[in-house]
Every structure is written in C-alpha cells, then in structure tokens.
S.K.: 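I'd like to ask some things about the structure below.
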Amino acid sequence: MHEDIDHRVLLRPIETTSRRYFVLLAVVLLAILSFVIAYAYQLQHGLIVTGLADWGSGGGATWGLYIGAFIWWVGIAHGGIILSAAVRLLGMERYKPVARIAELLTIGALSMAGLMIVVHLGRPDRFVTNIILAYPETVHTSPLVWDVTVITLYFVLTATYLGLTLRYDIVRLRDELPDRFDPLYRLLTVGYRESEDPVVERMVWWLALGIIILAPLLLHGGVIPWLFALLPSMPGWFSAVQGPQFLTIALTSAIGSVLVISLAFRRAYDWGALIGDDVFRGLGLWLGLFALLFLWLQLQQVITGVFAPPIDVDAATSAKLSSPIYWLAIVMIVTALGYLTAQAIEPRYFTIPRTVFAGVLVVSATLIEKTFFVIEGFLHPRFDMYAAVPGSYIPSFIELSAILGTLAMVTLFFMVIAKVIPVVELHAIEDDASVADWEVEP
Amino acid sequence: MTDSDLGEHSDQAQSWEAQMRSLLEEGGYDIDLGIEMARDAQRLVAGELSEQEFHERYHAAVTEEFGTDERPVATDEPSASFVELLTGECSGGEDPSRREVVKALGVAGGALGLGGMAVADQQRTSTQAAADGPDEPDIQYGMVVDLERCDGCLQCVTACADENQTSNGANWMYVLAYLDEHTEQENFLVRPCQHCSNAPCEKVCPVRARHTREQDGIVLTDYDACIGCRYCQVACPYGVNYFQWGDPEVSEEELDPNHIWDARGMRVDSRPPKGVMGKCTFCPTRQDGLQGEDKVGTVACMDACDAAGMRAIHFGDLNNPESRPRRYLRERAAEELDDDTDLDMDADWATSTTRWRKLSAFRLLEDLGTEPNVIYLGNQPGERADQQEGPVPYDLIGRVDRRKDVLDERTVGITGGDD
Ligand code: SF4
Ligand code: SF4
C-alpha cells in the first residue's frame, strides 16, 4: 500500500493539463470525425458501402469486422470486473491503484460494443423500439436478445458500482475538485453520510460478486459465443468449446488493455510511485496465464478438427489452418506468451514497456482472431455446394474507420473523465484506519 | 407408487446390502464403516446431512483405515509462491472475504441451476403444447420439386425476379447445376427458401420480424419490423436470404400496391426496402387472393416452370392429400413402380418392392432438424457436390450470379477483385 503518498498526487490529472494533452485531443477528435463521416455515408447509402455481402450464391460474408469489433470490445470490457474482483473479492490490494481505471474501461468498452451493434444494423432507427416491443417473446429464443440483455445488465451494474465507490472519494476531495463540475459532484454524492461507508462497502462487495458471475460466465463465456456456437450449419462455429475459448479472449484482451491504459496514466502524470512496477509484473503474469489458456483451447479445436473430422468440419479446419491470418494471430499470442513466461522465470527480463507491448500484441491478436472466426463461419458453411462458396471479405475503409473511431472515443472518454473525477481511488493511498482522519461535511 | 411397490423396493435393497456385504468382506477393509458411509452418503445427497458434517464424521476413520484420505478437507492452504506472485498477497488461511466468496458463489451456483431447471421445464411444456396440435397450421404450404424434370433453364429464376422486383443478384429462386463426386452426370438443385417448420432464421430474429404465418405456415419477413441485423441470414443453413444492402433497384412507387402488404396488412411481399432482409416468400399476396382468385395456390416460379413445359415445381398445401404436390408424389411413386416392374419383369424381388421404396425423395440437410417444407424428388446432392456452370448461364437471363460482384462496385475500399 502507498500510505506515504500524498492525496494531491491523485488530483494531478485534474489540476494539470500539458501541451501533449491537446495534441492527443486533436488527433483523437480527428479520428472520431473520420468515423462520423464514414458512418454518415453508410447511413445514406446503406451497408452496400462496406465489404460485406450475402453468403451463399452471393459469395460474401454477412457479418464481418463490425461483429468482430463488437466481440472484441465486450471482451475488453471485462477488465473492470477482473480488477474489481481481484481487489474487492480476493483482497489483492496491489491492484487497487488501477481498479477504477479498469472499471471506467468497462463503461467505455461496453458503450463501444453497443455502438458496434448499432452501426452494424441496416435499420438502426428501429433498434431500441423493436427490440423492446418483441422482447417478451424473443428473449426465449434469440441469442442476440440474450446479448442485449446481459450487456445492458452488465453496464447498469458496473455504473452503479462505480457511482457508489466514487461517493467516498468525491466527498473527501470535494474542496480540491474544480467548482465548474459542482452540479455533477452534488448529484454523485447526493445524501451522503459517513455512516453509509460500511454499508456501501457491503453493497459494492455484492455487486462485484454479481458482476463476476454475470460477466465472464454468462457474457463472454455464454451469450456472446452462443451467437455462433449454437448454429449447427456453420461447422467453424458449432462447438461447445467456444464458451471457454471466448472467455480467454475476454480475459487476455481485458488485461492487455488495462496494461496499456495504466502505462499511459503512469507516464502522463508521473505516477511511478502510485502505479508501481508490481502492478505490471502481476498483470503480466495473469496475461500469460490466460494467453496459455487461449492457446490450449485453440489446440482442442484444431485436434478435433484434424483427427477424424466429418467432411464439413474438415473443410473448415483445413481452411483455418491454411490461412496466414489465423497464424498471424497465433504467432502474436505465442510471442507475447514467450516473453511473459521468460519474465516470470527470470525477473531480470521484466521491463514495463515490454510487458505492455506483450499486452498490445495480445489485444491486437484477439481482434484479428475473432474477426477471422466470424468470417470463417460464412466461408465454410455446411451447405457449401455454391460455386461462390468460399466467398471473400476484405474490410472496407468504412469498417476500418469504425475501429479507429471507437478506439479514439474510448481514449477521449478517459481524457475527459480524468479531468472530472479521480481515476485512482483514495483507498489506494490510505489504509482503513486513516478514513476517520478525513473531515467530512454532512 | 403403491405401498406394496415400496415394500418390494426395500426388500430388494436389503438383499442388495447383503450381497454387497459379502463382496466387501473379501476386500479385507472395514465393512461396517463402508456401509455406514454409504448410508450417510445417501443422506448427504438427500440433503439431510451437510457435506462438512459428513467429512468430519469420517475423516479420521478413513485415514485410519486406508492410511490416507484424499477427499477435499479444508486443512492448510496451498501456500505456493506462484499464488503469492499472482495475488501479491500472502495467503493467510483465515481470510474472511475469500471464504465468503466461496460461500456466496455456491449460493449463486445453486440459484443458476434451479433457474436452468425452471427454463427446461417451461420449454418441455411448450413443446408438448405444440405437439398437441392447436398451434399447427391447418394449411402448410410447401413444394415438391422434381429434380429429374428440371433442365436448368432458369425460367423460375427469371419469373421470381420479375415478380418480386428483386435487385440484381438477389436470386430468391436459385438453381444450381452441380456435379457429384462419383458421377459425370449433371444434376440440378432448385433452391427456394425451404419455409422450414422449425426455422432457425425465425428462432434467432431479435424482433420477430422473421415469422411463420399462422394461416398457412409460410415463413415471412415483416419489412416494417426488421432491423437489418442479418442474424436470420447467418442462422439459415441454406443461404437463401438476400439483404437489401443499398437502395433497391426498383423504387417504392413502381411496386404494385397489391403485391406489398398481405391480407394481414403486414408488409411482407416484393423486394425489401433498404436495410432490410429479403428472401423467397411463397408469394403471400397471391395466396391471400390479392392478385386475383385464379392465382391463389400458385407461385410465380411454378407458373414459369409449367409454362416452359417442365412441370418440375409443384406448390400447394402439404397437409391436403388432394393438393397438387401430394397428388404429384403419388403419381410419381406409381410411375417409379411401373418403371421398376417393367425393367425387372421376371425378377422375384420386384413384386416385393413397396410403392415408395423406389422413389428417391429427400429434404435438404434434414439432419439439422429444420423440418423443411420443400420435398425433392431425384438425386440428393452428396456432401462433396460442387456447383458448375449450367446449360443456361445466369448472365443469359440478365441476372448476376455472384452478387458480391455488384455489391463490390459500391464498396469504399479494396474489394479483392473478381476472383
Ligand atoms: S430455408 Fe432458411 S430462410 Fe427459409 S425458413 Fe428455412 S431457415 Fe428460414
Ligand atoms: S435481419 Fe431482420 S428478419 Fe433477419 S433476424 Fe435481423 S431483424 Fe430478423
């Protein structure tokens, strides 16, 4: 713990804004603008401007990068729950300084996942109303509706969780927080009493527990893979292993992105003492462990697919194994795992940039692998008589701009939120005994 | 169960116990301990005994008897340094929060399990209800397609495109000429939507736009409800869906108003508007009499096939024994039998051939459980069947075959050319 760190350190992002901040802001806004223009163009002309097409006689892939990015963002959103579970449920105090950053990432990433679904639709204007109207019936049968349900629930729970944990900090730091956001702070801390702290503590604990059951087991280990894994007509997808396989995607990409954002904050605000080396070392180990799990589950699929496969599985597997894109993703993960293992065995190999680079490798590999997974399904369906099957798909600039745009939006989200609320919780620099020292106005 | 049943049951149990006892005696271990444990194990399962009580009761005895007890007992934590590395904490055995996590997870797991059972129950009753009948439509439109009569002229493809004004490449009716692995013979597969009775496309639709019309079992898309998620296209095993990726080639005004809304007032016919899914409809506005009484019970592709003199497509109510497809099936079966007996006049087994045995009828990918309502007569394509260019190429009828070629023209970016 870092009891020796002054609480003003936490306020650095709010109190100082560098030139680099504005440069980054300009870049980010530019990227968002390009996405907005691309999407406006798509709205005007229809999805015909993307690289997507009908599978079958049409010779294309029905879903592509948008859905790949959707899966990816939902996976990244698991950073919040992994960290808060570690900190709140398992008492791993060392990760406290990055817990809130990870929770904020959940909010940002889930929003991007939702946005990807909307962007992917032919008639986004009907999305909300029509889903709600048909909900009582469709919730029984449509995996897509299950996804919408679980994601919404996850979002609400995480937001509640964040809101509750923020109250404590804002009340205690209020005098040092900028007055221009006063209405927001008032709203967040409405009705605060010191006596609520232990109660909130319990509520937060239960919320964390609820989310940890919901998010990994039901979301990325459940309804997201079930979008694909329940369809017997697509041998590349139809498999009981997809649940665990998707879960490893969530765990690896989540930790990878927490690594990246932690380093960004550490560098930007000179937080070497606050977000210590041990955070990166520890997260690196976890990343390695989950990457290993990822590879192990890939192996399961490959072995089943090559040993004595039925004709359709055979076609899907051999296509996968002869695709350079698949191997690119696997090699990226193996490389990251290699370094992380070396670093675990021989600590002198450890450096923060290398660990974070391993994180970047894994996060990029998961986007590639999952998009590839989605497309592969269409290219090698069970009913593959069509001359136009396997079809082809290359992501259009429109779709690529969505990846860029969502990345920029999450960056912007962090840049803005860091100016408004403390992104590292007060608990990270105090032990419970010192709570009483704070003077709290009723 | 009656009382006597119960009595019999416990009699059996007693003799079973005696049997087991003699078996165990040969093993040389403490039989009474074993049997007592077995009884308590049953109580454990029945919930009369907690697992902890059970383990506490027997841990010492088992260790004494077997020298070791490998069942999980909460003794010391695995104080591995790897765990320490990962958690950053020394694993103190008495961490209350950790214990609580385990307990609460147990409770949650139980709740999940119960929830799952409740869902399963519900499903069972609903499928039972379906099997009982009231939900089954009296009329089930479908087709019998005689592939042996098809010569690949593509008249049905043209007729469907004209009827529904579909964009080029959206070939709702599609004919594949194909070669199978071990034959040189060219076969045809006529592929409309299969209007499945257990349609996966309908199951996955998040807004119930894809639905089965109750009065006649036709699978349709409500163009006013569809949000264009394309999940139906993903879930359909046959690849019969064609999305409206851009603006339709034929504008709204040019469409025949009697050919858009069915009798329910639902917008389900003709080509879909932009951003919405389309596929073969079995011509619902015809079935509803909106295009004249004479067109009820017909579909555009069948008319064209008849006009071409092929009579390969037979559309009608599959539940009605007097419908055109059912009559055709009988006719063909009789024909097959005649042919068969002609050929094998003097062979004995010919007389034992049943009427249906020689008629090769199949449904596409029937093993997927979709319950298609299109029945094919003729050769079933094998798993390795491959489409070839047919006698009439698609460009000859002014239609694009591989739709991606058209769509690529509007793609912003690299399209991969025309391979
Ligand atoms: S063939 Fe495909 S689109 Fe037609 S009803 Fe069956 S699953 Fe649905
Ligand atoms: S594309 Fe339309 S009809 Fe198909 S599943 Fe989505 S909402 Fe339903």
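The model shown is predicted, which means the values in this text are computed figures rather than measured ones. Computation of the quantities below employed the complete heavy-atom set of this structure, encompassing side-chain atoms and omitting hydrogens, waters and symmetry-equivalent molecules. Labels below follow one simple rule: chain letters A, B, ... track the order of the sequence lines, proteins then strands, and each chain is numbered from 1.
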S.K.: For each of A/Pro381, A/Gly59, A/Ala315, tally heavy-atom pairs with chain B at distances under 4.5 Å, and name the one with the top tally.
M.R.: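 Max contact count across the listed options: A/Gly59.
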S.K.: Counting C-beta onward and ignoring hydrogens, is there a side-chain heavy-atom pair between B/Pro206 and A/Ile131 closer than 4.5 Å?
M.R.: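 The answer is yes, as the side chains (C-beta and beyond) meet within the 4.5 Å cut-off.
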S.K.: Can you find a side-chain donor-acceptor pair between B/Tyr242 and A/Ser57 that sits under 3.5 Å?
M.R.: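 Yes, a side-chain donor-acceptor pair sits under 3.5 Å.
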S.K.: When the ring planes of A/Phe383 and B/Tyr238 are compared, do they come out parallel, tilted or perpendicular, using 30° and 60° as the limits?
M.R.: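 Because their plane-to-plane angle is over 60°, the rings of A/Phe383 and B/Tyr238 count as perpendicular.
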S.K.: Heavy-atom cut-off 4.5 Å, strictly under: side chain, backbone, both or neither for B/Cys205 against chain A?
M.R.: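 B/Cys205 touches chain A through backbone heavy atoms alone.
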S.K.: Using non-hydrogen atoms and a 4.5 Å limit, figure out which bit of A/Ile67 sits close to chain B: side chain, backbone, both or neither.
M.R.: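 Neither the backbone nor the side chain of A/Ile67 comes within 4.5 Å of chain B.
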S.K.: Name the region of A/Trp237, side chain, backbone, both or neither, that has any atom closer than 4.5 Å to a heavy atom of chain B.
M.R.: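 Contact with chain B: side chain only.
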S.K.: Examine whether an atom of B/Pro200 lies under 4.5 Å from a heavy atom of chain A, and if so say whether it belongs to the side chain, the backbone or both; otherwise answer neither.
M.R.: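 Looking at B/Pro200, nothing touches chain A.
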S.K.: How many angstroms lie between atom CG of B/Asp408 and atom OG of A/Ser396, to the nearest 0.5 angstrom?
M.R.: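 So the CG of B/Asp408 and the OG of A/Ser396 are separated by 10.5 Å.
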S.K.: Are any of the side-chain nitrogens in A/Arg382 or B/Asp367 under 4.0 Å away from the carboxylate oxygens of its partner?
M.R.: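 So A/Arg382 pairs with B/Asp367 through a salt bridge.
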S.K.: Relative to chain B, which segment of A/Tyr135 carries a heavy atom at a distance below 4.5 Å: side chain, backbone, both, or neither?
M.R.: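 Nothing of A/Tyr135, per the 4.5 Å heavy-atom cut-off to chain B.
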S.K.: Which bit of B/Tyr178 comes within less than 4.5 Å of chain A, counting heavy atoms only: side chain, backbone, both or neither?
M.R.: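 When you check distances to chain A, only side chain atoms of B/Tyr178 fall under 4.5 Å.
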S.K.: With a 4.5 angstrom heavy-atom cut-off, could you sort out which part of A/Leu144 is near chain B: side chain, backbone, both or neither?
M.R.: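 It is both, since atoms from each part get that close.
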S.K.: Using a cut-off of under 4.5 Å for heavy-atom pairs, which of A/Leu231, A/Leu400, A/Val139 has the most such pairs with chain B?
M.R.: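 Looking at each option in turn, the highest pair count goes to A/Leu231.
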S.K.: Are any side-chain N or O atoms of A/His45 and backbone N or O atoms of B/Gly246, one a donor and one an acceptor, separated by less than 3.5 Å?
M.R.: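 Absent.
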S.K.: Can you tell which of B/Gln233, B/Lys203, B/Arg191, B/Gln244 has the highest number of heavy-atom pairs within less than 4.5 Å of chain A?
M.R.: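 With the most close heavy-atom pairs to chain A, the winner is B/Gln233.
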S.K.: Taking B/Ala235, B/Gly369, B/Ala209 one by one, which has the highest count of heavy-atom pairs under 4.5 Å against chain A?
M.R.: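 Top count of heavy-atom pairs under 4.5 Å with chain A: B/Ala235.
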S.K.: So what's closer than 4.5 Å to chain A heavy atoms on B/Leu176: side chain, backbone, both or neither?
M.R.: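 The side chain, not the backbone.
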S.K.: With rounding to the nearest 0.5 Å, note down the distance linking CD1 in A/Ile311 to CZ in B/Arg384.
M.R.: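 Rounded to the nearest 0.5 Å, the CD1-CZ separation comes to 4.0 Å.
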S.K.: Output the distance between atom CD1 (A/Ile48) and atom OG (B/Ser167), rounded to the nearest 0.5 Å.
M.R.: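 The CD1 atom of A/Ile48 sits 8.0 Å away from the OG atom of B/Ser167.
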S.K.: To the nearest 0.5 Å, what is the distance between CZ on A/Arg123 and CD1 on B/Ile227?
M.R.: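 It is 11.0 Å, given to the nearest 0.5 Å.
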S.K.: Please identify, among B/Pro237, B/Pro273, B/Gly413, the residue contributing the most non-hydrogen atom pairs under 4.5 Å to chain A.
M.R.: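 Among the listed options, the one with the most contacts to chain A is B/Pro237.
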S.K.: Mind listing the closest non-hydrogen atom pair of B/Arg402 and A/Ser392 along with its distance?
M.R.: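 That would be NH2-OG, 3.6 Å.
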S.K.: Could you have a look at B/Leu365, B/Val234, B/Asn241, B/Val240 and say which one has the most heavy-atom pairs with chain A under 4.5 angstrom?
M.R.: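 Sorted descending by pairs with chain A, the first entry is B/Val234.
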S.K.: Output the option from A/Leu283, A/Ile132, A/Leu227, A/Val145 having the highest count of non-hydrogen pairs under 4.5 Å with chain B.
M.R.: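 Ranked by contacts with chain B, first place is A/Leu227.
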S.K.: Could you walk me through whether A/Arg126 and B/Val207 pass side chain to side chain contact (heavy atoms under 4.5 Å, CB included), step by step?
M.R.: CA-CA 10 Å; A/Arg126 296 171 175 170; B/Val207 295; over 6 Å; no
S.K.: For chain B, which of A/Gly56, A/Gly60, A/Pro143 has the most heavy-atom pairs under 4.5 Å?
M.R.: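 Ranked by contacts with chain B, first place is A/Pro143.
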S.K.: Is the CG atom of A/Leu43 crowded by more than 12 outside heavy atoms at less than 6.0 Å?
M.R.: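 It does: A/Leu43 CG has more than 12 such atoms within range.
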S.K.: Nearest 0.5 Å, what's the CG-OG1 distance between A/Leu52 and B/Thr411?
M.R.: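 These two atoms lie 8.5 Å from each other.
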S.K.: Using heavy-atom distances under 4.5 Å, tell me whether B/Tyr174 contacts chain A through its side chain, its backbone, both, or neither.
M.R.: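 Only the side chain of B/Tyr174 comes within 4.5 Å of chain A.
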S.K.: Among B/Gly275, B/Ala385, B/Cys236, which residue has the highest count of heavy-atom pairs closer than 4.5 Å to chain A?
M.R.: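 Between B/Gly275, B/Ala385, B/Cys236, the count favours B/Gly275.
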S.K.: With distance as the sole test, does B/Arg403 use its side chain to make a donor-acceptor pair with the main-chain N or O of A/Asp54 at under 3.5 Å?
M.R.: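 Not confirmed, B/Arg403 side chain does not pair with A/Asp54 backbone.
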S.K.: Checking heavy atoms, do the side chain of A/Ile398, its backbone, both or neither come under 4.5 Å from chain B?
M.R.: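 It is both, since atoms from each part get that close.
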S.K.: I'd like to check B/Arg208 versus A/Thr141 (side-chain heavy atoms, cut-off strictly below 4.5 Å). Are they in contact?
M.R.: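 B/Arg208 reaches A/Thr141 side chain to side chain.
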S.K.: Specify which of A/Phe127, A/Tyr41, A/Trp55 makes the most heavy-atom pairs with chain B at under 4.5 Å.
M.R.: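 Among the listed options, the one with the most contacts to chain B is A/Trp55.
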S.K.: Has the side chain of B/Trp245 got a donor or acceptor atom that lies under 3.5 Å from a matching backbone atom of A/Val49?
M.R.: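 No, the answer is negative, given that no donor and acceptor are paired below the 3.5 Å cut-off.
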S.K.: List the atom of B/Ala225, the atom of A/Asn130, and the distance in Å for their closest heavy-atom pair.
M.R.: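 Of all heavy-atom pairs spanning B/Ala225 and A/Asn130, the closest is O-ND2, 2.6 Å.
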S.K.: For A/Pro232, which atoms come within 4.5 Å of any heavy atom of chain B: side chain, backbone, both, or neither?
M.R.: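 Interface part for A/Pro232: both.
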S.K.: Looking at B/Arg410, B/Gln387, B/Arg230, which makes the most heavy-atom pairs under 4.5 Å with chain A?
M.R.: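 Among the listed options, the one with the most contacts to chain A is B/Arg230.
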S.K.: With rounding to the nearest 0.5 angstrom, report the CG to OH distance, A/Asp147 to B/Tyr231.
M.R.: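 It comes to 7.5 Å.
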